[in-house]
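Structure record follows, encoded as C-alpha cells.
For clarity, every value in this text was computed on a predicted model and none was experimentally measured. Numbering of ligands and ligand atoms starts at 1, following listing order.
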Amino acid sequence: MLLSVEHLDKSYKTGRRSSTQVLHDISLSVNQGDALGLVGESGSGKSTIAKCLLRLIKPEQGRIVYDGIDVVQARGADLRRFRREVQMVFQDPYGSLNPRMSVGELIGEGLLVHRLAATAAARRERVAEMMQMVGLNPADMDRYPRSFSGGQRQRIAIARALVIGPRILVCDEPVAALDVSVQAQVINLLQDLQRQLNLAIIFVAHDLAVVRHLCESIVVLHKGRIVETGDRNAIFDAPQDPYTRALIAAVPTPDPQVARAHRASRRHSPATQA
Ligand code: ADP
Ligand code: MG
C-alpha cells in the first residue's frame, strides 16, 4: 500500500464557536501505479480530502500514511521525502501558475527547492525533457503562462508537478475548467504518464465520465461520506447506492474513439495542441 487514509474526519470553523463537519470517517487507499477516482458533486468534500492528503490542512481525526510516513505528524527527512513524492495538480489552470514566472522557471522551481539539479544548464535540460514529455515545445521555455491556452497551462502544471519525480499525483478536477475536447487530451496525457512513470494518481472529479476512462477503482462521495467504493466495472455495471445510480444516469456516453483521435493528433503536433 503506497497511501492509505483511515477514518478521516474534518471540520471547518464557521464562526467563533461553531464549526461544520465536512468529512465523516473517510477511508481509502492507493497502490503504486494505480489510478483512483474520487467522485462526488460540488461541496461533497473532494478538495478537502485532497488538501488533507497533501498536508495543506489538518484533519481532526484519522490517519494518513504514505509509504510508512505518518503524513500529519511527519517532520525532517520524512516530511521532505513526502513533499517530493506526493504532488498536486489544481483545477484552475489560470490561477495556479504565477504569471510573472516563465514556463521554464515554473517547471524548474521544484528542482531548485529540492536541490535536484546542480546547475542552471542541468535545470534547463531537465525542464526541456519534461516539456517534451507533456507535449509542450521546449522552445517555448522562456514564454509566460499568459501566452498559453488552458489545456497547455494544465500541461505546464503537470510538468511542474512531475519534474521532481513524485510517486503520487493528486489531481483536483484538473480538466473541469477545460473544453470537452481538450479534457480528453489532458486525461489521455495523464494516463500515458501514469503508465510510463508507474505513477499512482488520485483523480478528483465531479462527474463519473471523466474518471471512467482513467481510473480502475472509484470512490463515490456524498455529503462528506463515502457511499460506495469499488472497481470501475462494478460501479458502472451494478451500482449499489442510489446516489451512485443518479451520478451514472447523468453521465454522457464516453466516446473513446474521439479521445484516441485527439491523442494521436497530439503526438504529431505537440506544440499546436490545446
Ligand atoms: P468539493 O471539492 O467536493 O466541491 P470541498 O471540499 O471544497 O468540496 O467542500 C466541502 C464542504 O466544505 C463544502 O460545504 C464547503 O462549502 C465547505 N468548505 C470548504 N472549504 C471551506 C473553508 N475553508 N471554510 C469553511 N467551509 C469550507
Ligand atoms: Mg473541489
| field | Asp92 with Arg153: basic N within carboxylate O range, under 4.0 Å | value |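 Not counted as a salt bridge, because no side-chain N and carboxylate O are separated by less than 4.0 Å.
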
| Amino acids in close contact with ligand 1, where any non-hydrogen atom sits under 4.0 angstrom away |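 Residues within 4.0 Å of ligand 1: Tyr12, Val22, Glu41, Ser42, Gly43, Ser44, Gly45, Lys46, Ser47, Thr48.
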
Counting distance only, does the side-chain N/O of [X] pair as donor-acceptor with the main-chain N or O of [Y] below 3.5 Å?
| X | Y | answer |
| --- | --- | --- |
| Asp70 | Val65 | no |
| Gln194 | Gly33 | yes |
| Gln240 | Ala238 | yes |

| field | Any side-chain heavy-atom pair of Tyr66 and Leu2 under 4.5 Å | value |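 Heavy-atom side-chain distance check passes, below 4.5 Å.
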
| What is the distance from atom CG of Leu193 to atom CE of Met130, rounded to the nearest 0.5 Å? |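 The CG atom of Leu193 sits 7.0 Å away from the CE atom of Met130.
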
| query | If you draw a sphere of radius 2.8 Å around the Mg ion (ligand 2), how many protein N/O/S atoms end up strictly inside it? | reply |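 Protein N, O or S neighbours of the Mg ion (ligand 2) under 2.8 Å, waters not counted, come to 1.
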
Could you pull out every donor-acceptor pair under 3.5 Å between side chains of residues 172-179 and any protein atom, sequence neighbours left out?
from: Asp172; atom 1: OD1; to: Ser47; atom 2: OG; distance (Å): 3.4
from: Asp172; atom 1: OD2; to: Ser47; atom 2: OG; distance (Å): 2.6
from: Glu173; atom 1: OE1; to: His206; atom 2: ND1; distance (Å): 2.6

| task | Name all residues meeting the salt bridge (charged side-chain N to carboxylate O under 4.0 Å, His left out) criterion together with Glu41; count only those two or more places apart in sequence or in a different chain, and write none if there are none. | result |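 Partners of Glu41 under the salt bridge (charged side-chain N to carboxylate O under 4.0 Å, His left out) test: none.
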
| query | With a cut-off of 6.0 Å (strictly less than), are more than 12 heavy atoms of other residues, nucleotides or ligands near CZ of Arg225? | reply |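 Check fails, neighbour count at 12 or below.
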
